[in-house]
Chemist: 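Here you go, one structure.
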Amino acid sequence: MSATSARWPKRDAFAFAGGSALFVDDIRPDGLVHMAVVRSTRAHARLRRIDTAPAKAVPGVVRVLEGREASLRLRPLPYQFGDPELIGGRRAVLQALPVDEVRYVGEPVAVVAAESRRAARAGAAAVVVEYEDLPVLLDARAFLADPDPRHIIAENEAVAGDADQVLRAAQHVVRTEFSLGRSSTAPVEPRGYVADWNGTRLTVHAAHQQPFQLRAELAEVLDLPTDAIRVVVPNVGGAFGLKMTGPVEEPLVCLLAILCGRPVKWIEARSECFLGGGREQLHEVEVAHTADGRLLALRDRIVIPVGAEAVQPGWRQAFVSVAAFPTAYRVPHLDVRSRVVATNVAPWHSCRGFGKEAPVFVMERIMDMVARRTGLAPAEVRRRNLLRPEDIPHRMASGYRVDSGDLPAVLEQVLALDGGPGADGVGIAIEVTPEGGGHAAGRLGPGVTPTLAAPEAAAVLLRADGSVEVRTGVTNPGGGNDTALARLAAEELGITPDQVHVVQGDTDRCPPGTGNASSRGVAVGGAAVVLAARALAATLRSLGVDTIDEGSVARHGPLEHVREYRPDPPADTEYRYSYPYFSSGAYVARVDLDRATGQVRLRSLTAVHDCGRVIEPVLVEGQLQGAMAMGAGLALSEESRFDERGVPQASSFKEYLAPRANDLPDFVIGHRETPAPYTLLGAKGAGEAGVGGALAAIANAVDDALSRSGGREVTSVPLDPPAVLALLPEEAP
């Protein structure tokens, strides 16, 4: 751990713990009306008629808006994160409300504004919608063998060598299928917006990760100048990808505010929050290996059902899943191809892990399968296939560039740290996690330089009272990155963090930035803060100011410096796509298995995480604990299920079984610091690693427990009691 990494408490921790922190639903301007959404009850159907008259007759209803009127007032929705064609996707023209056809149960078909939430819900319930049912696609397994181009919205590949030839010649081949169930995010606070139009300017308070992207989207859809919109993000009760730009409720709540001439609020219900999801994948895998456990070739055919087509970035996780193979390992011959399929359930939203957890699960299950077939220990198979320090920097087949890390050392450290209790099953896993917001730069040809993600910016201001204000384009989704930003500025200026005030999430006050995405907050946004603070410190030294106080400001006036920063990896055309830094980690899980009920108990979960330089240990460990808890849920209980008509079966935490505190052990976490070579601070991401590693380690531990009972191999998650019982032999007690 770095010498500067003292343990500071999270800023405003007592406000959050004590309930005084301000969230979107606490904002209640005068004249407020509330929005409710009328949602489709069909998975796929033509809209024959929408009768809004009964809703308008409900006491308290102010305005009703359906698709035909909305299409006259709103432009089509813009895609987020750039053109879909850049990553092999097709473009669709999508409106905020459908005019002719609905594509999933829960799709908005109209919105109602009313004086109270109760009246808005009553008005929404009164809207009459007539449907003509159309064929429904819910199960994407058919696309493994018989692709239907009408439903394919993207195809991606990562290819190196000649996997087919090696597989034909190999003496040892593993053939299997893997599947990951559809799952969601479960923030404490669902989405929410308050839109207020004063006749010339729109102010939107939003539970959101990306205020500048939201402002740009609203400007385009509402046909307003960008400077006519202000987005303000108060405290956010968790995001995990759910609160990125693109959901249709964003422009709709704003349009209602314009039409009503009054502030309009929409707070998402938990049942609405659970409509979306992500992560579901089907894999057909063939792996060639030697008798001594070395991987020779991997072929994977993947079907990724992403729900209905949407402009929000969730479906792009499918691209990252392919590009991240073969994760932490050397595989000379690789052929990974995916079909991204539109189905008649709600669209994917972004989910923490952003597609990187699926390849970790697949590769770590492969490692254990090879170990079982060769008689080697699982750790030994990994040792023989891991990327070594001398292999790094390493070019993946997709063009991703693994910039740093010591994976063998991380593995040995976690094995030494694991001191868990005796258990029915033990599993290990290793992950690498591309982070830093690298988005596709297109299918590059010779001589074309890859484009990195946009820079982050920060302004550091010496205020009249002698305090320092940091304004940044990165936002805080609840993890506390403002604590680290204050600390970094304070260190450069020779003051204490409590003298620093951090401003985030206000498009009028902050410089433009990406908000919260891909673990950029400290590694990239923090570097911009450091550069701006250094510039201010240099100016103060030039003025002979040794101590920052009110007197120094009175003599010299307020001083401000603004700086931008982005990581600077080599501009090499060999790398078609670039995430600027890769975190890594190793995990050991221990589980007990009740053979009578199929219930799995997680006894211990140990991790060693390498996120480069650790700026704030408390925050880093909090991020990893949350990711590991999420991985445990994906491994054992969390799944978004639908009935045969496409109706969601999870509308609350009674049906969507996220792990509770008493379902989890105390996690044991160690650190290894391998600095990122192309970031100013040497820091990498600490927000996405842990999901895939914990998921895979727990799945491997359950597989180990099953193997000792004569059970079948684990090939799918979640491993809830019915799934586990189905893997046990019938004669098991």
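The structure presented is a predicted model; accordingly, all values stated were derived computationally and were not measured.
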Chemist: Side chains of His283 and Gln281: any donor to acceptor distance under 3.5 Å?
Modeler: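 Yes, side-chain donor-acceptor contact under 3.5 Å.
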Chemist: Do side-chain atoms of Arg316 reach the backbone of Gln80 as a donor and acceptor pair under 3.5 angstrom?
Modeler: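 Yes.
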Chemist: For Val331 versus Pro326, what's the shortest heavy-atom pair and its separation?
Modeler: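 Result for this residue pair: CG2-CB, 3.7 Å.
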Chemist: Please report, to 0.1 Å, the donor-acceptor pairs under 3.5 Å made by any side chain of residues 133-145, with sequence neighbours excluded.
Modeler:
{"from": "Asp133", "atom 1": "OD1", "to": "Arg42", "atom 2": "NE", "distance (Å)": "3.1"}
{"from": "Asp139", "atom 1": "OD1", "to": "Arg141", "atom 2": "N", "distance (Å)": "3.0"}

Chemist: Examine the side chains of Gln213 and Thr245 and answer whether a donor and an acceptor come within less than 3.5 Å of each other.
Modeler: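 Thr245 and Gln213 do not have a side-chain donor-acceptor pair below 3.5 Å.
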Chemist: With salt bridge (Lys or Arg N to Asp or Glu O under 4.0 Å) as the test, would you mind laying out the steps for Arg520 and Glu688 before giving the verdict?
Modeler: CA-CA 11 Å; Arg520 294 169 56 88; Glu688 291 182 281; over 6 Å; no
Chemist: Consider only side-chain N and O atoms of Thr674 and Asp610, and report whether a donor and an acceptor are under 3.5 Å apart.
Modeler: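 Side-chain D/A pair, Thr674 to Asp610: present.
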Chemist: Give the ring-plane orientation class for Phe81 versus Phe354, where under 30° counts as parallel, over 60° as perpendicular and anything between as tilted.
Modeler: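 Phe81 and Phe354: tilted rings.
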Chemist: For Arg330, look at atom CZ and say whether over 12 heavy atoms of other residues, nucleotides or ligands are found less than 6.0 Å away.
Modeler: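 Yes, the 6.0 Å shell around CZ holds more than 12 heavy atoms from other groups.
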Chemist: State the OG1-CG distance between Thr185 and Leu242, to the nearest 0.5 angstrom.
Modeler: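 The OG1 atom of Thr185 sits 4.0 Å away from the CG atom of Leu242.
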Chemist: Quick one: do Glu284 and Arg301 satisfy salt bridge (Lys or Arg N to Asp or Glu O under 4.0 Å)? Show the steps, please.
Modeler: CA-CA 5 Å; Glu284 276 191 343; Arg301 297 295 178 263; over 6 Å; no
Chemist: Is a side-chain donor-acceptor pair under 3.5 Å present for Asn156 with Arg337?
Modeler: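 Note: Arg337 and Asn156 side chains miss the donor-acceptor criterion.
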Chemist: Quick one about Glu431 and Tyr587 (side-chain donor to acceptor, distance below 3.5 Å, no hydrogens or angles considered), yes or no?
Modeler: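 Indeed, the side chains of Tyr587 and Glu431 share at least one donor-acceptor pair under 3.5 Å.
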Chemist: Do Glu85 and Arg90 sit within salt-bridge range, that is, some charged N less than 4.0 Å from a carboxylate O?
Modeler: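 Answer for the salt bridge query: no.
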Chemist: Could you tell me if Tyr656 and Glu638 have a donor-acceptor pair between their side chains, going purely by distance under 3.5 Å?
Modeler: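 Per modelled atom types, Glu638 and Tyr656 side chains form a pair under 3.5 Å.
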Chemist: Looking only at side chains, do Glu364 and Tyr329 share a donor and an acceptor under 3.5 Å apart?
Modeler: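 A pair is found: one side chain offers a donor N or O, the other an acceptor, under 3.5 Å apart.
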Chemist: If we check side-chain contact (heavy atoms from CB on, under 4.5 Å) with Arg103, which of these qualifies: Leu94, Val345, Thr343?
Modeler: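 Per the side-chain contact (heavy atoms from CB on, under 4.5 Å) rule, the option paired with Arg103 is Leu94, out of Leu94, Val345, Thr343.
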Chemist: Centre-to-centre under 6.0 Å for Tyr678 and Tyr581, is that the case here?
Modeler: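 Ring centroids of Tyr678 and Tyr581 are no less than 6.0 Å from each other.
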Chemist: Keeping Asp335 on the side-chain end and Ala163 on the backbone end, is there a donor-acceptor pair under 3.5 Å?
Modeler: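 The answer is no, because no donor-acceptor pair under 3.5 Å joins these two groups.
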Chemist: Can a donor-acceptor pair be found, under 3.5 Å and without considering hydrogens, that links the side chain of Glu250 to the backbone of Gly246?
Modeler: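 Checked: pair present.
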Chemist: Return yes if a side-chain donor-acceptor contact under 3.5 Å exists between Gln623 and Arg352, otherwise no.
Modeler: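 The criterion, which ignores hydrogens and geometry beyond distance, is satisfied for Arg352 and Gln623.
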Chemist: Nearest 0.5 Å, what's the CD-CD1 distance between Glu309 and Ile153?
Modeler: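 One gets 5.0 Å once the value is rounded to the nearest 0.5 Å.
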Chemist: Measuring from Thr433:OG1 to Phe582:CZ, what's the distance to the nearest 0.5 Å?
Modeler: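 The OG1 atom of Thr433 sits 9.0 Å away from the CZ atom of Phe582.
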Chemist: Going by atom types only, do Gln165 and His333 share a side-chain donor-acceptor pair under 3.5 Å?
Modeler: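 On atom types as modelled, these side chains do not qualify, holding no pair under 3.5 Å.
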Chemist: Indicate yes or no: does Arg191 engage Glu268 in a salt bridge with an N to O separation below 4.0 Å.
Modeler: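 Salt bridge between Arg191 and Glu268, a charged N being under 4.0 Å from a carboxylate O: yes.
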